[in-house]
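Because the structure is a prediction, the values reported are computed rather than measured.
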Amino acid sequence: MINETPRVRFAPSPTGYLHVGGLRTALYNYLFAKRNGGKFILRIEDTDRNRYVEGAVENLIKTMNWVGLNYDEGPDIDGNYGPYFQSERLEIYKKYADRLIEEGKAYYCFCTADRLTRLREEQQKAKLPQAKYDKHCLSLSKEEIQQKLNAGERYVIRLNVKPGPKVSFNDEVRDRVEFDRDSIDDQILIKSDSFPTYHMANVVDDHLMKITHVIRGEEWLSSTPKHVLLYDYLGWELPIFAHLPLLLNSDKSKLSKRQGDVAVEDYRDKGYFKESLINFVALLGWSAGDNVEFYNLQELIEKFSLDRVHKAGAVFNVEKLNWLNEEHLRSKPNEELLEGLKKALTVSKYKNLNLTDEYLLLIVEAMKERVSFVKDYIDSCTYFYEDPTEYDETVIKKRWKEKSPEYLEKYKERISTIENPTKEDFEKTLKDLAEELEVGLGQFMHPLRLAVSGVGGGPGMFDLLYIVGKDRIISRISTAFEKIKK
RNA sequence: GGCCCGUUGGUGUAAUUGGUUAACACGUCGCCCUUUCACGGCGAAGAGUACGGGUUCGAGUCCCGUACGGGUCACCA
């Protein structure tokens, strides 16, 4: 095994969307594979027919593609170990279950759901430390079993956990973990609908698909002894386990829908870049130990290692995600942001404006240090798309002076005589005027910004003027005279 | 409740594997830059490492106990 190329898998059950915790698990698997020259496999754990969700797999694949975690084998990328849907591997599980039965390591169980709940209740009443199946059906004779089978009685197949030493295994992030054997229940392996349970399916598939490292969430830690036992019963070599710390809500409970968005799609729709999501989630439970926090996927591949994965759960902190999104935005070329902006524009109220790339690029550049999301290129500077309809009250109070109309009128007159004014023209005109009238530049700039944009903040004064342009400046100044009353 | 895992500023993490005053980032606050807002720069507050014992010349790092948090105990994954 030492020399085998690593094979890891991300094995979600298709519930409809990709959970951010799932994204983190997928990412670590991906990084581990890429770092070590291995293969990354996507396997669909669709063994619960009651939870079937229409279109869930398609959506999952779409989201995986969007974030760029490309797998080497999966439902739509054939490898030599398919099928990659567990629902298409039923005969395989059955075959191994039969083998276990033959060897006395598993057995048929005909107990009804009724009996099981009654059993559980009794055990609870008796204050037993733990509710476990009582191996009732283990004592059935061969004839009895055959008879029931022939009669078509519904059955499940259970793991036969026999007394023995502690079950232990090594975990890459938690070192050695041990469980008492009698704390392990006779887990159902094959359900009465002939579908396997997760425990059976994941062990069989991981072995058959030659998975070398099982990297999954910590919620699986306590069922790992069952899996270890199965490997043992089947005579298979154990993979290396790595149980990742959970992602938490701000109250430290397991990250849940109730306390915010958990779907990767939600974050995508809110305007987060896949780069920031990946970067952020990578840092939840892992660090290279070198103070670097800004990464792209390639850099993560180069730095990642399982032995630097943290043990404790990590709170999902949106503020840091926001910061990372700003950082990634600023690192992107303007052309890419332009494409994003154009796309955002098509679904905005400005979709019919037909603005040129040249014009939009000016906005992209002027606002680059002032936005967190591409959509902010619209939302936080609407004055580039339409005349202001309101004027910020506090700015009026602070900046709109008695003489403001007079100054602005003069500026308006002067720029109206310039043909195709450049940014420098707007600047020189303003400075000259202020000098002639012997007043501070601020007497011009602040009211002018207010009149042109309606707000007190924004890009550099002359960028603002240049982008808005002479004609609109002139008309907006006139409008401001009417609308701004002190 | 049983079992398992965990616990370093508000949050994410670091600390040469036992060796100075516990470091960085996000967030917060302040100053500088900029006659705007941001970006950027500088600085501050904020943990004495959950708590209590031990081992040791020396413990965030090792051991034990307690507390707290979480996970798990399905014919769900």
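- For Arg120(A), whose side chain is taken as the heavy atoms from C-beta onward, the closest listed nucleotide among A74(B), U13(B), G6(B) is A74(B).
- Distances were taken from every side-chain heavy atom of Glu319(A) (C-beta onward) to each of A14(B), G27(B), C3(B); the shortest belongs to G27(B).
- Look at Asp171(A) and Arg176(A) and you find no salt bridge, because none of the NZ, NE, NH1 or NH2 atoms lies under 4.0 Å from a carboxylate O.
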Are there any protein N/O atoms within less than 3.5 Å of an N/O atom in nucleotides 41-44 of chain B, and if so, which ones and at what distance?
none

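- Using a 4.0 Å cut-off between a side-chain N of Lys or Arg and a carboxylate O of Asp or Glu, Glu336(A) and Lys332(A) qualify as a salt bridge.
- Comparing G71(B), U36(B), C75(B) by their closest approach to the side chain of Leu246(A) singles out G71(B).
- For the salt bridge (charged side-chain N to carboxylate O under 4.0 Å, His left out) test, no residue two or more places apart in sequence or in another chain qualifies with Arg472(A).
- Between Tyr407(A) and Phe444(A), the gap from one ring centroid to the other is short of 6.0 Å.
- Distances shown here put every side-chain N or O of Arg308(A) at or beyond 4.0 Å from the OP1 or OP2 atom of U13(B).
- Proximity of Lys191(A) to the phosphate of A77(B): a side-chain N or O atom is located under 4.0 Å from OP1 or OP2.
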Encoded 5' to 3' (Watson-Crick or G-U under 3.5 Å; [ ] crossing; | other strand), RNA chain B becomes (((((((..((((.....[...)))).(((((.......))))).....(((((..]....))))))))))))....
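- You'll find that the side chain of Asn317(A) is closest to U11(B), out of U13(B), U11(B), U72(B).
- Taking atom C1' in both G58(B) and A50(B), one finds a spacing of 23 Å when rounded to whole Å.
- Comparing C73(B), G6(B), U35(B) by their nearest atom to the side chain of Gln130(A) picks out C73(B).
- The side chain of His310(A) places an N or O atom within less than 4.0 Å of a non-bridging phosphate oxygen (OP1 or OP2) of A14(B).
- Looking at Glu91(A) and Arg89(A), no side-chain N of the basic residue comes within less than 4.0 Å of a carboxylate O on the acidic one, giving no salt bridge.
- At a threshold of 4.0 angstrom between heavy atoms, the contacts of Cys111(A) include nucleobase atoms, whether or not backbone atoms are also involved.
- Using a cut-off of 4.0 Å between Lys/Arg side-chain N and Asp/Glu carboxylate O, Asp185(A) and Arg158(A) are scored as not salt-bridged.
- In this structure Lys148(A) satisfies the salt bridge (charged side-chain N to carboxylate O under 4.0 Å, His left out) test together with Glu153(A), sequence neighbours excluded.
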Could you please spell out the steps behind the ring pair (Phe, Tyr, Trp, His ring centres under 6.0 Å) verdict for Trp220(A) and Tyr198(A)? CA-CA 11 Å; Trp220(A) 294 111; Tyr198(A) 169 85; 3.9 Å; yes
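- Counted by atom type alone, Ser13(A) and Arg51(A) present zero donor-acceptor pairs between their side chains at under 3.5 Å.
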So which protein N/O to nucleotides 19-25 of chain B N/O distances come out below 3.5 Å?
from, atom 1, to, atom 2, distance (Å)
A25(B), O4', Glu293(A), OE2, 3.0
A25(B), O2', Glu293(A), OE2, 2.8
A25(B), N3, Lys320(A), NZ, 3.2

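- Applying the side chain to side chain donor-acceptor pair (under 3.5 Å) test to pairs two or more places apart or on separate chains, those with a residue in residues 107-116 of chain A are Tyr107(A)-Asp186(A), Arg115(A)-Asp134(A).
- Within 4.0 Å of Gly217(A), counting heavy atoms only, lies no atom of the nucleic acid at all.
- Within residues 42-50 of chain A, the residues approached by RNA chain B to less than 4.0 Å at the level of any non-hydrogen atom are Glu45(A), Thr47(A), Asp48(A), in residue-number order.
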Check nucleotides 62-69 of chain B for protein N or O atoms closer than 3.5 Å to its own N or O atoms and list the pairs.
none

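- Counting any heavy atom pair closer than 4.0 Å across all strands shown, Glu178(A) reaches sugar-phosphate atoms only and no base atom.
- Annotation: C33(B) and C42(B) have their C1' atoms spaced 11 Å apart (nearest Å).
- Judged as a side chain to side chain donor-acceptor pair (under 3.5 Å), the pairs with a partner in residues 366-385 of chain A (not counting sequence neighbours) are, in order, Glu326(A)-Ser372(A).
- Regarding Leu450(A), its CG atom lies at a distance of 19 Å from the P atom of U35(B), rounded to whole Å.
- Heavy-atom minimum distance, Arg24(A) versus Val281(A): CG-O, 3.2 Å.
- Side-chain atoms of Ser183(A) stay outside donor-acceptor range of the base of C3(B), with no qualifying N/O pair under 3.5 Å.
- Within the 4.0 angstrom heavy-atom criterion, base atoms lie near Val156(A).
- Within 4.0 Å (heavy atoms only), Phe179(A) reaches sugar-phosphate atoms of the nucleic acid but no base atom.
- If Leu321(A) and Leu248(A) are placed on RNA chain B by their nearest nucleotide, the residue sitting closer to the 5' end is Leu321(A).
- Between Arg216(A) and His243(A), the side chains place a donor N or O and an acceptor N or O closer than 3.5 Å (distance only, hydrogens not considered).
- Annotation: Tyr28(A) is not in aromatic contact with Trp286(A) [ring centroid separation under 6.0 Å not met].
- Under the ring-ring contact (aromatic ring centres under 6.0 Å, His included) rule, Phe280(A) has a single partner from Trp323(A), Tyr272(A), Phe316(A), which is Phe316(A).
- Nearer the 5' end of RNA chain B, as judged by each residue's closest nucleotide, is the contact made by Glu219(A), out of Glu219(A) and Thr112(A).
- Rounded to an integer number of Å, the gap from CD1 of Ile184(A) to C1' of G2(B) is 14 Å.
- Nucleotides A45(B) and U55(B) place their C1' atoms 37 Å apart, quoted to the nearest Å.
- The distance between atom CG of Leu189(A) and atom C1' of C76(B), rounded to the nearest whole Å, is 15 Å.
- Residues passing the salt bridge (charged side-chain N to carboxylate O under 4.0 Å, His left out) test with Glu88(A): none are found, sequence neighbours excluded.
- For Asp392(A), there are no salt bridge (charged side-chain N to carboxylate O under 4.0 Å, His left out) partners two or more places apart in sequence or in a different chain.
- Atom CG in Leu221(A) sits about 16 Å away from atom C1' in A77(B), given to the nearest Å.
- Nearest nucleotide to the side chain of Arg51(A), out of C76(B), U36(B), C39(B): C76(B).
- Under the 3.5 Å distance criterion, the side-chain polar atoms of Asp251(A) are matched with a main-chain donor or acceptor of Ser253(A).
- For the C1' atoms, the distance from A15(B) to U61(B) is 9 Å, rounded to whole Å.
- Note on Ser192(A): a base of the nucleic acid sits closer than 4.0 angstrom, heavy atoms only.
- One finds no salt bridge joining Glu390(A) and Lys483(A) here, because no Lys/Arg side-chain nitrogen approaches an Asp/Glu carboxylate oxygen to under 4.0 Å.
- Ionic pairing of Glu436(A) and Arg414(A) is present here: one or more N-O contacts between side-chain nitrogen and carboxylate oxygen are shorter than 4.0 angstrom.
- The stretch residues 163-177 of chain A touches RNA chain B through Arg174(A), Val177(A), each having a heavy atom under 4.0 angstrom from the strand.
- Taking the C1' atoms as reference points, G65(B) lies 42 Å from C29(B), given to the whole Å.
- Interatomic distance, Asn325(A) CG to Glu275(A) CD, rounded to the nearest 0.5 Å: 9.0 Å.
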